[in-house]
2 protein chains.
Amino acid sequence: MGVTSTVEENAESVDEEVLEELNEKLSVYMDKNGLRSTSQRRVVTDVFFRSTGHLSIEELLAMVRERDPKIGYATVYRTLKLLKDCGIAYERHFGDGVSRYEIALEDEHHDHLICLECGKIVEFENDEIERLQDELAKKHDFTLKRHTHELYGVCGRCRGKKN
Amino acid sequence: MGVTSTVEENAESVDEEVLEELNEKLSVYMDKNGLRSTSQRRVVTDVFFRSTGHLSIEELLAMVRERDPKIGYATVYRTLKLLKDCGIAYERHFGDGVSRYEIALEDEHHDHLICLECGKIVEFENDEIERLQDELAKKHDFTLKRHTHELYGVCGRCRGKKN
DNA sequence: CTCGATGCAAATGCTTTGCAGAAAA
DNA sequence: TTTTCTGCAAAGCATTTGCATCGAG
């Protein structure tokens with residue numbers, strides 16, 4: 001498959017205010033569940049919160065090890081599972097067999113356009129599609145919980161390269 | 001995850017005419033690529049062509065072994081890869097880690113509504129969503145190749161059971 | 001005869017888990 | 001202290017692959 005990098009359009013990480021919200025939410029969840037704040041978890045979550053895009057465990061591990069080379073990959077897996085469980089991270093699958101993680105911001109939802117050549121990922125939001133989905137669910141008497149919607153194609157730059 | 005069965009609404013297998021078309025298409029592809037028609041392949045493709053729904057390798061293997069218990073699972077994997085390559089089968093992923101296969105009919109495209117409780121899969125087609133997807137791709141300068149669109153929720157029957 | 005196909009078992013790649021030692025609370 | 005967490009290696013799983021043998025053409 002083509003998802004080798006996670007270059008983004010509009011790639012900007014969250015600001016300090018949002019970062020604090022994320023840490024607060026995490027802290028509340030951990031307190032509530034008797035979980036402990038360890039140096040490894042702090043490194044992993046901080047790296048993730050300051051990151052941009054849709055990162056694989058491997059990519060996260062590399063970044064994490066720049067700060068603490070001793071951290072094992074099982075810890076990264078476990079910490080991202082934790083973030084997923086408390087609703088701070090979305091786990092995405094773009095068809096290449098690896099899980100990718102992205103920050104789940106409150107009141108924000110988007111889907112993805114993925115370039116099969118260079119792996120560029122563009123986020124999109126479309127209220128009309130969301131509305132049509134709700135309509136479809138209603139028509140078939142389903143209570144919608146979540147959805148996946150990915151468009152795969154070739155981006156303009158990659159198309160250009162081939163000519 | 002909840003995708004344990006592949007019960008369908010409107011579950012009807014293809015008629016003899018379509019079955020013949022599928023076999024013809026396969027035959028042409030195999031000739032063109034110097035592939036051989038073996039008894040195992042004939043069993044696997046026939047089972048698949050007469051099937052309904054979204055079958056996993058495991059489910060297909062069980063059906064195949066009713067006809068020929070000696071067929072190995074690698075053969076089923078390899079044969080479904082062949083069907084996928086010649087455009088006769090779609091490979092689907094509904095989030096439970098197994099690949100599922102369904103017959104790819106000409107000029108027909110649909111997406112899926114999946115019940116997280118009972119695994120029921122309902123197919124839907126929505127031209128307006130398709131149109132909006134094309135529009136989005138155009139807007140971001142992508143040439144669309146394919147997409148995935150799955151709605152996960154709880155079906156009416158399962159919702160009823162809980163009350 | 002040739003070369004593709006099969007069946008088995010081993011290998012792969014991602015992810016999860018068991019466990020003994022480390023470290024939060 | 002007690003209980004959770006970590007790091008490592010081993011285990012799990014779905015899928016793929018190497019190889020000797022089989023069989024289609």
Side-chain angles (χ1 to χ4, degrees), chain A residues 1 3-4 6 26-47 54-62 64-65 67-86 89-101, chain B residues 1 3-4 6 26-47 54-62 64-65 67-86 89-101:
Chain A
M1 297 273 162
V3 185
T4 51
T6 52
L26 175 58
S27 171
V28 167
Y29 180 89
M30 296 202 358
D31 282 358
K32 197 176 301 180
N33 293 80
L35 305 177
R36 292 171 185 179
S37 175
T38 64
S39 72
Q40 293 93 329
R41 272 187 185 163
R42 284 190 296 273
V43 171
V44 175
T45 57
D46 194 63
V47 160
H54 308 78
L55 300 166
S56 65
I57 293 292
E58 191 175 289
E59 289 165 335
L60 282 163
L61 181 61
V64 160
R65 284 192 170 161
R67 289 215 220 158
D68 180 349
K70 295 205 200 331
I71 293 179
Y73 67 99
T75 299
V76 180
Y77 271 107
R78 286 188 274 230
T79 305
L80 273 115
K81 180 175 184 348
L82 159 59
L83 293 177
K84 193 175 55 167
D85 290 346
C86 70
Y90 288 127
E91 189 177 62
R92 307 284 192 188
H93 297 103
F94 295 141
D96 61 351
V98 309
S99 297
R100 290 169 188 281
Y101 299 85
Chain B
M1 298 274 163
V3 186
T4 51
T6 52
L26 175 59
S27 171
V28 167
Y29 180 88
M30 297 205 353
D31 282 357
K32 197 176 298 177
N33 293 80
L35 306 178
R36 293 172 184 176
S37 176
T38 64
S39 71
Q40 293 92 331
R41 272 188 186 162
R42 285 190 296 273
V43 171
V44 175
T45 57
D46 194 63
V47 160
H54 308 78
L55 299 165
S56 64
I57 293 292
E58 192 174 289
E59 289 165 335
L60 283 164
L61 182 61
V64 161
R65 284 192 169 160
R67 288 215 220 160
D68 180 350
K70 295 206 199 333
I71 293 179
Y73 68 100
T75 298
V76 180
Y77 271 107
R78 286 188 275 231
T79 305
L80 273 115
K81 180 173 182 347
L82 159 59
L83 293 177
K84 192 175 56 170
D85 290 347
C86 70
Y90 288 128
E91 189 178 63
R92 308 284 192 189
H93 297 103
F94 295 141
D96 61 351
V98 309
S99 297
R100 289 169 189 281
Y101 300 86

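A, B, ... follow the sequence lines: proteins, then strands. Residue 1 opens every chain.
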Worksheet item: Between A/Cys86 and A/Leu26, does a side-chain contact (heavy atoms from CB on, under 4.5 Å) hold up when you go through it step by step?
Response: CA-CA 7 Å; A/Cys86 70; A/Leu26 175 58; 4.2 Å; yes
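Here the shortest heavy-atom pairing between B/Ser99 and B/His93 reads OG-NE2, 3.0 Å. Scanning all heavy atoms of the two residues, the minimum distance from A/Leu35 to A/Arg41 falls at CB-NH1, 3.8 Å. Contact between A/Glu59 and A/Ser56 at its shortest, heavy atoms only, is OE1-N, 2.9 Å.
Here B/Arg100 contributes atom CZ and B/Glu58 contributes atom CD; the two are 9.5 Å apart, rounded to the nearest 0.5 Å. The line from OH of B/Tyr73 to CZ of B/Arg65 is 9.5 Å long, rounded to the nearest 0.5 Å.
Comparing B/Asn33 and B/Ile71 against DNA chain C, the residue whose closest nucleotide sits nearer the 5' end is B/Asn33.
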Show every donor-acceptor pair shorter than 3.5 Å between a side-chain atom in residues 74-84 of chain B and any protein atom, with sequence neighbours excluded, or say none if there are none.
| unit_1 | atom_1 | unit_2 | atom_2 | d |
| --- | --- | --- | --- | --- |
| B/Thr79 | OG1 | B/Thr75 | O | 2.7 |
| B/Lys81 | NZ | B/Asp85 | OD2 | 3.0 |
| B/Lys84 | NZ | B/Glu91 | OE1 | 3.4 |
| B/Lys84 | NZ | B/Glu91 | OE2 | 3.3 |

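Rounded to whole Å, atom C1' of D/dG7 lies 11 Å from atom CG of A/Asp68.
Applying the side-chain hydrogen bond (donor to acceptor under 3.5 Å, both in side chains) definition to pairs two or more places apart or across chains, those involving residues 28-40 of chain B are B/Ser37-B/Arg42.
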Practice prompt. Would you mind building the protein contact string for nucleotides 16-25 of chain D? One character per nucleotide, 5' to 3', B for base within reach (heavy atoms under 4.0 Å), S for sugar-phosphate only, - for untouched.
Written response: BBB----BBS
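With the end axes of the helix from C/dC1-D/dG25 to C/dA25-D/dT1 each set by five pairs, the angle from one to the other reads 20° at 10° resolution.
Along DNA chain C, read 5' to 3', the first and last nucleotides having any atom under 4.0 Å from a heavy atom of chain B are C/dC3 to C/dA10.
The salt bridge (Lys or Arg N to Asp or Glu O under 4.0 Å) search around B/Arg92 returns B/Glu102, not counting sequence neighbours.
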